[in-house]
There are 2 protein chains.
Amino acid sequence: MAVAKAKVTAATDPSVITNKLEEDIALGRILPRERLIEEELALRFGVNRHVIRQVLMELETIGLIIRQKNKGATVRDLLPEDVINIYAVRELLEGKAAELIEMPAKPEVVARLKDIQERHAKAAEAGELTNVFRLNLLFHKTFFAACGNPHLADAIQHFALKAHIARSLTVGDPKLLRRAVEEHAEIVRYLETADRANLVRLAVEHIIPSKDAYLESYRRRFGE
Amino acid sequence: MAVAKAKVTAATDPSVITNKLEEDIALGRILPRERLIEEELALRFGVNRHVIRQVLMELETIGLIIRQKNKGATVRDLLPEDVINIYAVRELLEGKAAELIEMPAKPEVVARLKDIQERHAKAAEAGELTNVFRLNLLFHKTFFAACGNPHLADAIQHFALKAHIARSLTVGDPKLLRRAVEEHAEIVRYLETADRANLVRLAVEHIIPSKDAYLESYRRRFGE
DNA sequence: CATTGGAATATTGTCAACAATGGCGTTGAT
DNA sequence: ATCAACGCCATTGTTGACAATATTCCAATG
């Protein structure tokens, strides 16, 4: 594994480790086709291999890694086709959720989103990729939780995670980052003004640039 | 556990056990709030407790059971609210998939669906609930796999499983069963005649009766 | 008689040792 | 020099024993 800071930070809770590995994959610290070796991870996180196995199973059901019996786990390699299909579902789910969000939004929800948005913007400016990642995730989660259908919100979260592999190649692109930050602010504004039409439109359009960036990047690497 | 046939049938593969338990839950052999005890299951399936733990984790991520640390697993109790929310997502996903299915459908797909439909009808007539359950699942899976987006098909499968708890109360209702069988035949016909509009309509409407039946049953049990 | 404390039991969580498997390199033959 | 067979090493899979935690039941006390 090419992960630099292999500090032994005892993190007993499996879900904490899962999140950390999701982050590593999303930020491109672990790349597609790269192997994840149970014992290495156990050492790195200061837990028993047993815990890591559980984490790897979770990552597999999310779709971030692939496990083969007696062979081990590798980060999944998404083909353009996969990315297109995943984003098709995301657009469907997130568009629907935006339609369902109660308008005008509860003040506390708006306040929380504003707070997250501002911290996200700051992290983006400072180039703190880890925080950018976390706050972006939190923004989306908070936003879609407001749709009032927890099962829909879960599905959205699930597919956002799946897409992380695709985003790993283009995350950190300052241009995309700036645009995302701006659009988050715009979303909050639409919520406040109860502008449903624009909210739905932007909720769908907001994720497209990262899809296109991945497809573009793939083309550059492997040609047409 | 109220499961009668506690035969010790060695089923080494975790997914086989998972399917069996899904079936038990879907057919109401294990009811909501009922506990699933690891050692009992290990004994019943003739496997190590360790395997059962894995199965329970899978059932938890599907959403069929709830696990609490040091307390164990119970079949999830779906409130009407949950059922409504789950079905809202199902309608969204399945409607979209029906829109995407290539028309006219490949002959081999139609042939396979016809075969499944006929076996399903026979099982329904014979009152073989287990086979009805399996063939119904297989029909839906085969149908939605034809949408060309495997990620969408997976999500549909996922939510169909979630809904199984809700269906456990009304499965076996001969009237609902007859209707489902008929509608499957109808779906095949629409596929053959490339009747997109009706296909999409029926794909969405097809699942509504079981939702309504659950809500009705819930009202009967707990009042308004 | 209700209530609280605590032991006994039932159940799940964690671990370390061992078994099984697959990949890789070496050796030997042609 | 190339290729196949074999054995070794890295890695994952499986198991049983032990630890930690919750639940139940009973008894003692007010």
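In the text below, chain A, chain B and the rest are named by the order of the sequence lines, each starting its count at 1.
Taking CG from A/L56 and OG1 from A/T61, the interatomic distance works out to 11.0 Å, rounded to the nearest 0.5 Å. Note: A/R29 CZ to A/L129 CG = 8.5 Å, rounded to the nearest 0.5 Å.
Residue A/E38 has its side chain nearest to D/dT12 when only C/dC15, D/dT12, C/dT12 are considered. Side-chain proximity of A/R35 to the nucleotides D/dG13, D/dT11, C/dT12 is greatest for D/dT11. The B/R67 side chain lies nearest to C/dG13 when the options are C/dG13, C/dT12, D/dG13. Considering only side-chain atoms of A/N48, the nucleotide from C/dT14, C/dC15, D/dG13 that sits closest is C/dC15.
Between the CG atom of A/L56 and the C1' atom of D/dT11 there is a distance of 12 Å, given to the nearest Å. The interatomic distance linking A/E60 (CD) with D/dG13 (C1') rounds to 14 Å, in whole Å. Separating the CG atom of B/L43 from the P atom of C/dT11 is a distance of 12 Å, rounded to the nearest angstrom. For B/R53 and D/dT15, the CZ to P distance is 15 Å, given to the nearest whole Å. In this structure, CD of B/E39 is placed 14 Å from C1' of C/dG13, rounded to the nearest angstrom. Taking atom NE2 of A/H50 as the reference point, atom P of C/dA17 lies 16 Å away to the nearest angstrom. Distance A/I52 CD1 to C/dC15 C1': 14 Å, rounded to the nearest Å. Note: CD1 (B/I37) to C1' (C/dA10) measures 8 Å, nearest angstrom.
Aromatic ring centres of A/H140 and A/H206: separated by under 6.0 Å.
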Which is it for B/Y87 and B/S210 under the side chain to side chain donor-acceptor pair (under 3.5 Å) test, yes or no, and what are the steps along the way? CA-CA 10 Å; B/Y87 273 80; B/S210 63; 2.9 Å; yes
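The one candidate from B/L161, B/T18, B/V75, B/I66 that meets the side-chain contact (heavy atoms from CB on, under 4.5 Å) condition with B/L59 is B/T18. Of the residues listed (A/L27, A/N136, A/D173, A/I25), the one engaging A/R167 in a side-chain contact (heavy atoms from CB on, under 4.5 Å) is A/N136, and it is the only one.
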Do any N or O atoms of the protein come closer than 3.5 Å to N or O atoms of nucleotides 18-22 of chain C, and which pairs are they?
unit_1, atom_1, unit_2, atom_2, d
C/dT21, O3', A/N70, ND2, 3.3

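Taking a cutoff of 4.0 Å between a charged side-chain nitrogen and a carboxylate oxygen, A/D13 and B/K69 do not qualify as a salt bridge.
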